[in-house]
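The next block holds one structure in the form of structure tokens; read it before the comments.
Just follow the structure's listing: the first ligand is 1, and inside any ligand the first atom is 1.
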Amino acid sequence: MSKKFQNYVSGTWVDAKSGKVFENRNPAHWDTVLGTFPLSGKEDVDEAVRAARRAFESWRLVPAPKRGDIMRAVGDIMTRRKEELALQMTREMGKVLLETRGDVQEGIDTAYYAASEGRRLFGHTVPSELPNKFNMAVRMPVGVAAIITPWNFPMAIPTWKIFPALVSGNTVVFKPASDTPATATALVEILVEAGVPPGVVNIVHGGGSEVGMALVEHPDIDLISFTGSTSVGKKISEVASKTLKRVSLELGGKNAQIVMDDANLDLALEGVLWGAFGTTGQRCTATSRLIIHEPVYDKFLSMVVDKSKKMRLGDGSDEGVDVGPCVNENQRKTVDSYVQIGRSEGAKVVAGGTIASGNGLSKGWFYEPTVLADVTQEMRVAKEEIFGPVLSVIKVRSLDEAIAVSNNTMYGLSSSIYTQDINNAYRAIRDLKAGITYVNAPTIGAEAHMPFGGVKETGNGHREGGWTVYDFFTEWKTVYVDYSGKLQRAQIDNS
Ligand code: NAD
């Protein structure tokens, strides 16, 4: 019998008020139900927001270093439970154990970074223009944060948002993706075990247009941190603007790896396989385009095709498997339809291109690692986010053309160049329009203490990770302390 999970509101585990539930299944074995979860609605959101608002009044007064201490305990518990969490995540969304371990590790790194930030949260002291007066700007919590997350990094992404929100003194209502509710629940259990008081973190499971939108519309939500698709991000931005909420959007990508003729091709090969087919291509930073310099096009393409065909598909919990399934049936349909679109546009399918069949694969959402050659930059497969194991390969004649092709997309998350020429590398760093540029490394590989985010329609200018995310989760309070004992008028008495 599958396990029954609940929402966590005001310190209590509860069902949805409607009593309705939804199922969560293993994408590698779709007949295996992993659990049932509350199918919540607006009334569940209302209660969670009320709880978070009440808890905010006391949580904001807990000293930040003490809030940080709780994050350290969270990191310790996650470290202890790492293997079990990784296995649960693989069962829930399919990526291979090596990667789900990495996903949990990113959460651990984020927890320890957040713990240390509890002892910083630096403000500014600035000299006053008047005598006997002290000026400073300090960080204050904002209030109640709605955290809405996707399924592809079910632990790392929620931790990127929830930990800095909490250390900064905000309270949280968390709406995870309905494909990965068990990992999200485990994260809340860990926060509770580590000592987060009732009401400070609440989780409400359910659909995006019901639970997610109810949070976005809620008048008592102060800020929204969202990661997901660009189309949903735009909708959220539109609705949230009606109540002038602060909104951070981390959205889609169409990332490219450039390989120049002077590149170390063996290194570039490892990079592109990891970038394109890791997490079954379902990363916002996935290498979705490969831009090859003409002199090495044929050679490098055949290296990529050869290795792609040898990748082992299967249940991600089996050691030795390289590529797991797509997360669900819809995602696989999308992938397959893009391969058909590519074919009809004139791209050549040189590896994969089909739903995977074979031993142990028939009951999972598997798709062959696919390489599309002879892609031109006008094709939809060169422009639109596919979010699956499909690599579009484009030939270019120069570095300038490579950069122009890389930039020719509405997205701007990650970018990569393989070259041994330092001049090429620095020109790419300067000219690639992306939030992240890797040199001699694939388009994936974010570290928790560095800013993360993109330009153009990948986001709205905020950054997650590192010190930058604390700008989103805090409000500046400007403070003037006048100890002159008399009225001093700025701009008037300072001449
Ligand atoms: P999605 O946009 O469908 O859903 C993301 C979350 O939003 C889910 O929790 C979903 O339930 C919720 N949601 C859906 N409709 C909503 C609505 N109308 N109002 C409020 N919430 C709503 O995305 P997904 O399929 O879960 O994830 C894949 C997408 O996420 C890809 O586009 C990928 O590039 C992007 N992504 C971006 C980053 C980044 O940091 N830039 C990281 C990971 C994933």
For [atom], grab the closest protein heavy atom and report residue, atom and distance to one decimal in Å.
| atom | result |
| --- | --- |
| atom 19 (N) of ligand 1 | Gly208 O, 3.4 Å |
| atom 2 (O) of ligand 1 | Ser229 OG, 2.6 Å |
| atom 18 (N) of ligand 1 | Met213 CE, 3.8 Å |
| atom 32 (O) of ligand 1 | Glu385 OE1, 2.6 Å |
| atom 10 (C) of ligand 1 | Lys175 NZ, 3.7 Å |

Check: Glu92/Thr183 side-chain N/O donor and acceptor closer than 3.5 Å: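 On atom types as modelled, these side chains qualify, holding a pair under 3.5 Å.
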Within 45° cone and under 6.0 Å: Arg139 NZ/CZ vs Trp467 ring: no
Answer with yes or no whether [X] contacts ligand 1, where contact means a heavy atom under 4.0 Å from a ligand atom.
| X | value |
| --- | --- |
| Val239 | no |
| Phe387 | yes |
| Ala177 | yes |

Sub-4.0 Å atoms of ligand 1 with respect to non-hydrogen atoms of Ile157: 42 (C), 43 (C)
Would you mind telling me if ligand 1 is within reach of the side chain of [X], the backbone, both or neither, using heavy atoms under 4.0 Å?
| X | value |
| --- | --- |
| Glu464 | neither |
| Leu251 | backbone |
| Ile148 | side chain |
| Phe452 | side chain |

Shortest reach to atom 15 (N) of ligand 1 by a heavy atom, considering only Thr149, Val232, Ile236, Thr279: Val232
Validation row: Val211, Asp44 side chains within 4.5 angstrom (heavy atoms):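 The answer is no; the side chains never approach within 4.5 Å.
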is_close_aromatic(Trp160, Phe472), centroid dist under 6.0 Å: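 Centroid distance Trp160-Phe472: not below 6.0 Å, so no.
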Short N or O distance, Leu413 and ligand 1, threshold 3.5 Å exclusive: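 For ligand 1, there is no N or O atom that lies under 3.5 Å from one belonging to Leu413.
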